[in-house]
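A short worksheet on the structure shown next.
Atom set for the values below is all heavy atoms of this structure, side chains included, hydrogens, waters and symmetry mates excluded. As the structure is a computational prediction, the values presented were derived from the model and not from experiment.
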Amino acid sequence: MGTGLSTQQALALWRAATVEMVTRTDPDLTARQLAIMLTVYLTPPPHTVRNLAATLKVSKPAVSRALQLLERVGLARRSGLRGLGGLAG
């Protein structure tokens, strides 16, 4: 997936986003939580715990724990019992 950015530009963008995340008063996200949010945002549904775990190559309990925190801070919500409904806000 090409972005048209040079390596230097991509790293500068990543750094700016990371600095923005750590200087806010919102809860800090782990790499796993951020990977889940980006996966849900960038890939077509369904976003079940099983599919997220397979995509990210982590266990289903690890995804469930990450989702619980994301739900608790209002960044994600589950729709029904079958999957992640999408990102809040």
Side-chain angles (χ1 to χ4, degrees):
M1 172 172 117
T3 62
L5 297 176
S6 70
T7 301
Q8 191 67 27
Q9 290 169 319
L11 288 172
L13 180 60
W14 187 11
R15 180 188 175 280
T18 303
V19 168
E20 177 68 21
M21 284 176 27
V22 299
T23 57
R24 302 180 94 191
T25 59
D26 300 327
D28 286 342
L29 299 180
T30 64
R32 180 171 293 144
Q33 292 159 350
L34 187 56
I36 288 170
M37 286 183 53
L38 289 170
T39 300
V40 168
Y41 184 76
L42 294 171
T43 62
H47 298 110
T48 62
V49 170
R50 176 180 291 169
N51 289 346
L52 289 168
T55 298
L56 299 172
K57 298 178 177 57
V58 297
S59 70
K60 289 184 287 186
V63 170
S64 289
R65 285 189 303 271
L67 288 174
Q68 287 169 356
L69 182 107
L70 291 170
E71 288 178 292
R72 198 167 42 246
V73 298
L75 293 174
R77 65 182 178 276
R78 294 183 197 229
S79 63
L81 300 174
R82 303 251 13 199
L84 185 67
L87 298 179

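The CD atom of Gln68 sits 6.5 Å away from the CZ atom of Arg78 when rounded to the nearest 0.5 Å. Taking CG from Leu69 and CG from Leu75, the interatomic distance works out to 8.0 Å, rounded to the nearest 0.5 Å. Between the OG1 atom of Thr30 and the CD1 atom of Ile36 there is a distance of 7.5 Å, given to the nearest 0.5 Å. Atoms CG and CZ, from Leu67 and Arg65 in turn, are 11.0 Å apart once rounded to the nearest 0.5 Å.
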task = Mind running side chain to side chain contact (heavy atoms under 4.5 Å, CB included) on Met21 and Leu34 for me, showing each step along the way?
result = CA-CA 11 Å; Met21 284 176 27; Leu34 187 56; 4.0 Å; yes
Residue pair His47, Val63: steps toward the side chain to side chain contact (heavy atoms under 4.5 Å, CB included) verdict = CA-CA 11 Å; His47 298 110; Val63 170; over 6 Å; no
Can you give the donor-acceptor pairs under 3.5 Å from side chains of residues 50-59 to other protein atoms, not counting sequence neighbours?
from, atom 1, to, atom 2, distance (Å)
Asn51, ND2, Pro46, O, 3.3
Asn51, ND2, Thr48, OG1, 3.3
Thr55, OG1, Asn51, O, 2.9
Ser59, OG, Ala62, N, 3.1

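Taking every heavy atom of both residues into account, Leu29 and Met37 meet most closely at CD1-SD, 3.7 Å.
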